[in-house]
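Data block below; observations after.
The figures that follow rest on heavy atoms only: side chains count, while hydrogens, waters and symmetry mates do not. For this chain, numbers begin at 1 and follow the sequence in order. Every number for a ligand or one of its atoms is a count from 1 in the order of the listing.
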Amino acid sequence: MRISFLGLGAIGTPMAVHVAARHDLTVWNRTGEKATRFAAVQGTRAAGTPREAVQGAEVVICCLSTSRDVESLLDGADGILAGLAKGVLFIDCTSGDPETSRRIAARLAPRGVDFVDAPVSGGVSGAESASLAVMVGGSAEAFGRARPVLECFGKRIEHIGPVGSGDALKAVNNALLAVNILASGEGLAALVKAGVPAAKALEIINASSGRSFVTESLVPARVLNGSWPRTFRLALLDKDVGIAVGLLEQTGVAGPMLRLAGDQFHAARQRLDAEADYMEAIRLIERDAGTEIRG
Ligand code: NDP
């Protein structure tokens, strides 16, 4: 199939590598050198504009920071709409917001272009091993068309409901992740200060009812060993929690827990640099508490 992939960021790049292995791929990235480098290494084409990227494509995949970024690429002489043919399937793997996704879908529909929101979960390592979970919003027919493409990098691929429902589920998932990060950081910092070694505390929590993906995987691999890798920008998790809080507002759910997590991540975003990793929220907890959670 002729596929275009727009957005070669931290997770978009390994996803595009898997698409390139199975399909005839053209890539585009705002910072053009990334696309040129990708094309040289993977043997694909690099387009100079979004219009050029989608010309002749049967499927277009986007993986940008926000839905608004995707929307901003639609218009103009070099925009996506200028190059899109009738019958194309548009798959947006951005962790987006439901409202903007519905707006994009409504603009594409009169042109005979099907849209699905298809945010992913599993991180950069999940993208590298083609084992991402994919939450798809769109018609059953569009999901049926998207599935074989999503299988390039996805393992658990689920149709959630109409356009926007994949985005909504992904945002709530990441809001729960944010709560777990903050709560784990706070609890462990207090335990260390109370004289309980962090490694021992984690070992017991992970055999008990307070365990989570954060305590089982993320804290041991990133905090205990002090490695703090940068794979998922904190600013993006802040964006996701903000989308979840928006969902609470739209549905009339009070949600003080998720709102507090949103406020905390928003404040963390202001205190850290733009490239800071999401787990560095725990670094701020350590700094404020005057301690370190290390093995
Ligand atoms: P990055 O910050 O690494 O990359 C963002 C990408 O979007 C880059 O290609 C960037 O281009 C492009 N971009 C941003 N704004 C615009 C714009 N206005 N116009 C055109 N292109 C733009 O993000 P990730 O790859 O980590 O994340 C991409 C999406 O996937 C996000 O929605 C994120 O929440 C989600 N996600 C990320 C995960 C991860 O572990 N990293 C896990 C699961 C989901 P440029 O190179 O020019 O900056």
Q | Nearest candidate to atom 34 (O) of ligand 1, where distance is taken over non-hydrogen atoms, out of Arg230, Lys239, Lys170, Glu33 | A | Lys239

(Q) Could you work out, for atom 22 (C) of ligand 1, the closest of Met15, Glu275, Arg30, Glu71 by heavy-atom distance? (A) Arg30

Q) Has Arg68 got any heavy atom lying under 4.0 angstrom from an atom of ligand 1? A) no

Q. Out of curiosity, is Ser65 lining ligand 1, as in a heavy atom under 4.0 Å away?
A. yes

Record the part of [X] in heavy-atom contact with ligand 1 below 4.0 Å; permitted values are side chain, backbone, both and neither.
{"X": "Thr66", "value": "neither"}
{"X": "Asn29", "value": "side chain"}
{"X": "Leu236", "value": "side chain"}

Q: Identify, with sequence neighbours excluded, every residue that meets ring pair (Phe, Tyr, Trp, His ring centres under 6.0 Å) alongside Phe115.
A: Phe90

Q) Hey, is ligand 1 close enough to Cys93 that some N/O pair sits below 3.5 Å? A) no

Q) Hey, does Met279 have a side-chain heavy atom less than 4.5 Å from the side chain of Ile181? A) yes

Q. Where the side chain of Asp240 meets the backbone of Ala171, is there a donor-acceptor pair that is under 3.5 Å apart?
A. no

Q: Only counting residues at least two apart or in another chain, list the ones meeting side chain to side chain contact (heavy atoms under 4.5 Å, CB included) with Leu169.
A: Met135, Ile160

